[in-house]
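Structure first, commentary second.
All values derive from a computational prediction rather than experimental measurement.
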Amino acid sequence: MRRCALLVCLMRRCALLVCLMCIPALSAAARPPSEAAPAAAQENRAAAPGTETGNTKSLLPLPDMSKFGAAAEVVRDKCLICHTGGYDLDFYAAQPGLRQIVERDYRGGLRALDLGQELRESGLPIGEAALAKIEWTMLRGTMPPAVFVAAQRGSGITREQRRAVLNRIRDVRAASYAAGTASRDRSSEPVQPLPDALPHDAAKAALGEKLFFDKRLSLDDSIACASCHMFDKGGADGRRFSEGVGGLLGNANAPTVFNAAFNIRQFWDGRASDLQEQAAAPPFNPVEMASENWDSIIEKLVKDKPPADEFLSVYPAAGDKGGWTGENITDALAHYEMTLVTPDCRFDLWLKGDDGALSEQETAGYRRFKDYRCASCHVGKTLGGQSFEYMDLKRDYFADRGGSLPSDEGLKAFTGKDEDLHKFKVPNLRNIELTAPYLHDGTVETLDEAVGIMGRYLSGIGVPPADRTLIVAFLRTLTGKFQGKAVQGDVVPR
């Protein structure tokens, strides 16, 4: 009886909430956020669908939903109200207790998936992480939530609508993200095989390789790029925090340099837009290479005649951008990093159609990997690097961990936006068994622990030991090859 009474109470609350949230009608017009709207809505708003002042109502066009194709109507009518900013809900704000309830639910929807970002990026396809998140809910029928559907007639998604959404996901993946090497029956998986190589300028890459290992980029000639990104440690360094000039330590774990070219942005906080911008940061970071400026670095490099002559043959001293410049040094480094691709792991072979490449336990681990929503963020060719996600999405990781680090701000450190606090670029999982310790803070020593933490704080699902074992078995199939040989490193123990 108590359970039934509780269910009735929840149904009533949800009926009221759905009624209030759906009145503005995405099919007609909603108002832009006001001061009374949830803060998350104000900070994340998309183009406002409409405005309303006093007795005057001015309608503006709804957001351009064309990238969603045949699924546009479903996404617009069933998803946007909770998963994008820009809709004014201020009419409920004066109701005792109701504002707090709606703000919490609204904020949770935006944190889990901000479709407003997809609408703002009108010239790009739907992001891989967004596709995977929507797919997970469609396949399992979890959205809209069951209590909402039960409380509000017409709020559910029909079988035909669900099929339209899943077909759109398949089409976008095929057109924008497919590697073209996966077998037909695995071509629409949320992850794809790595290509054998990426386009690059071979002469620039050869020069960049020399610079990658050159310690003269640091103040006292003691630290090179390769000092923190070691090829015998999976492209990382095996430390919680890397050691820079004078023994100073950073405050974020160094990610692997292998396959970094596939990331949408670089660094945990996304402060670099590409490999070249990333390469320009460590030489002048006071706790890394600590150099003063490019002139001081170049002054040392030009003294070594053979490499200096090679540099000028690749970047002739003609025009404003020729010769020895920081821009050309980082350009060469970026071209070299484009070569650091590690294809042909056993999972790649399985994706390409080799059923014998994985054991039964490992394929079961991949299924669990998807079941627990891991593949909703760890997507694409590198199983990560394609989105920024909250480390405290379901529970407060930082309070539970204790203490604080400057790197805990995450994306907020770059954007300055409060809503980006504790949001981090999803790490890629290629060669993951070789790159411990894990997380931005380097506090996790084993894959089993990492899987458990991701389940609790990101998915909101406890992962029992048996399933963690399966997922870890799958993760160990992601070690690929570099220049035809298995990537080297210390295999993390269970």
Side-chain angles (χ1 to χ4, degrees), residues 128-129 131-140 142 166 169-170 173-174 177-195 234 258-259 262 342-387 389 426-436 438 446-456 458-481 486-487 491-492 494:
E128 287 187 271
L131 289 174
K133 290 176 183 180
I134 297 171
E135 180 181 52
W136 195 93
T137 65
M138 291 295 105
L139 290 174
R140 290 160 180 80
T142 60
L166 290 172
I169 291 169
R170 180 201 62 202
R173 279 190 182 141
Y177 300 116
T181 54
S183 64
R184 184 173 181 178
D185 60 331
R186 292 166 188 161
S187 61
S188 193
E189 290 290 331
V191 295
Q192 293 288 309
L194 273 178
F258 283 130
N259 307 305
F262 295 93
T342 63
D344 293 334
C345 69
R346 289 195 291 119
F347 182 59
D348 280 339
L349 301 181
W350 181 84
L351 286 171
K352 294 176 181 179
D354 182 357
D355 291 335
L358 300 186
S359 68
E360 184 176 340
Q361 182 192 43
E362 291 161 348
T363 55
Y366 177 52
R367 290 194 297 271
R368 295 293 189 279
F369 182 79
K370 293 189 287 185
D371 289 342
Y372 285 101
R373 299 186 184 177
C374 308
S376 293
C377 299
H378 291 286
V379 296
K381 298 177 181 65
T382 56
L383 291 83
Q386 307 309 306
S387 66
E389 307 292 345
V426 176
N428 90 68
L429 297 183
R430 294 284 177 170
N431 313 302
I432 191 68
E433 67 174 347
L434 308 178
T435 58
Y438 306 113
T446 69
L447 286 172
D448 181 79
E449 184 183 2
V451 171
I453 285 176
M454 290 297 101
R456 288 195 299 276
L458 274 296
S459 296
I461 307 173
V463 186
D467 284 347
R468 293 202 303 271
T469 296
L470 291 174
I471 293 173
V472 169
F474 159 67
L475 294 175
R476 293 187 186 278
T477 73
L478 300 177
T479 301
K481 295 181 180 179
V487 176
V491 177
V492 63
R494 176 170 166 74

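The minimum heavy-atom distance between Phe258 and Gly234, with the atom names listed, is CD1-O, 3.4 Å. When every heavy atom of Pro464 is checked against every heavy atom of Gly462, the shortest pair comes out as CD-O, 3.4 Å. Summarising the geometry of Ala132 relative to Ala375, their closest heavy-atom pair is CB-O, 3.3 Å, with the distance given to 0.1 Å. Across all their heavy atoms, Cys377 and Ser387 have their closest contact at O-OG, 4.4 Å. Minimum heavy-atom separation, Pro193 to Ala179: O-CB, 3.5 Å. Nearest heavy-atom pair across Leu383 and Leu478 is CD2-CD1, 3.9 Å.
Salt-bridge annotation for Asp371 and Arg140: present, with a side-chain N of the basic residue lying under 4.0 Å from a carboxylate O of the acidic one. Ion pairing of Asp348 with Lys481 is absent here, as no side-chain N (NZ or NE/NH1/NH2) approaches a carboxylate O to less than 4.0 Å.
Between Trp350 and Tyr366, the ring planes lie perpendicular to each other; the angle is over 60°, past the 30° to 60° tilted range. A tilted orientation is assigned to the rings of Phe369 and His378, their planes being inclined by 30° to 60°.
The OH atom of Tyr177 lies 9.0 Å from the NZ atom of Lys381; values are rounded to the nearest 0.5 Å. In this structure, Thr342 OG1 and Asn431 CG are separated by 4.0 Å, a value rounded to the nearest 0.5 Å. Between Gln192 atom CD and Glu128 atom CD the span is 8.0 Å, to the nearest 0.5 Å. For the atom pair CE (Met454) and CG (Leu447), the distance works out to 11.5 Å, reported to the nearest 0.5 Å. Note that CG of Leu131 is 11.0 Å distant from NZ of Lys133, once rounded to the nearest 0.5 Å. Between the CG atom in Leu351 and the SG atom in Cys345 there is a gap of 7.5 Å [rounded to 0.5 Å].
Side-chain contact between Arg476 and Val492: present, with at least one pair of heavy atoms (C-beta onward) separated by less than 4.5 Å. At least one side-chain heavy atom of Leu194 sits less than 4.5 Å from a side-chain heavy atom of Phe262. Between Lys352 and Asp344, the closest side-chain pair of non-hydrogen atoms falls below 4.5 Å.
Put simply, the side chain of Glu362 never gets that close to the backbone of Glu360: no donor and acceptor are under 3.5 Å apart. Remark: the backbone N or O of Arg186 is not paired with any side-chain donor or acceptor of Glu189 at under 3.5 angstrom. Although no hydrogens or angles enter the test, the distance criterion places a donor-acceptor pair under 3.5 Å between the side chain of Arg173 and the main chain of Ser188. Using modelled atom types, no side-chain atom of Trp136 and backbone atom of Cys374 make a donor-acceptor pair closer than 3.5 Å.
Checking Glu433, Arg346, Arg430 one by one against Thr479, the side chain to side chain donor-acceptor pair (under 3.5 Å) holds for a single residue, Glu433.
For the 3.5 Å distance criterion, the side chains of Thr446 and Asp448 fail to qualify, holding no donor opposite an acceptor.
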Between Leu429 and Thr382, does the side chain to side chain contact (heavy atoms under 4.5 Å, CB included) criterion hold? Intermediate values first, please.
CA-CA 6 Å; Leu429 297 183; Thr382 56; over 6 Å; no
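Under the side chain to side chain contact (heavy atoms under 4.5 Å, CB included) criterion, Thr469 pairs with Gln361, Arg494, sequence neighbours left out.
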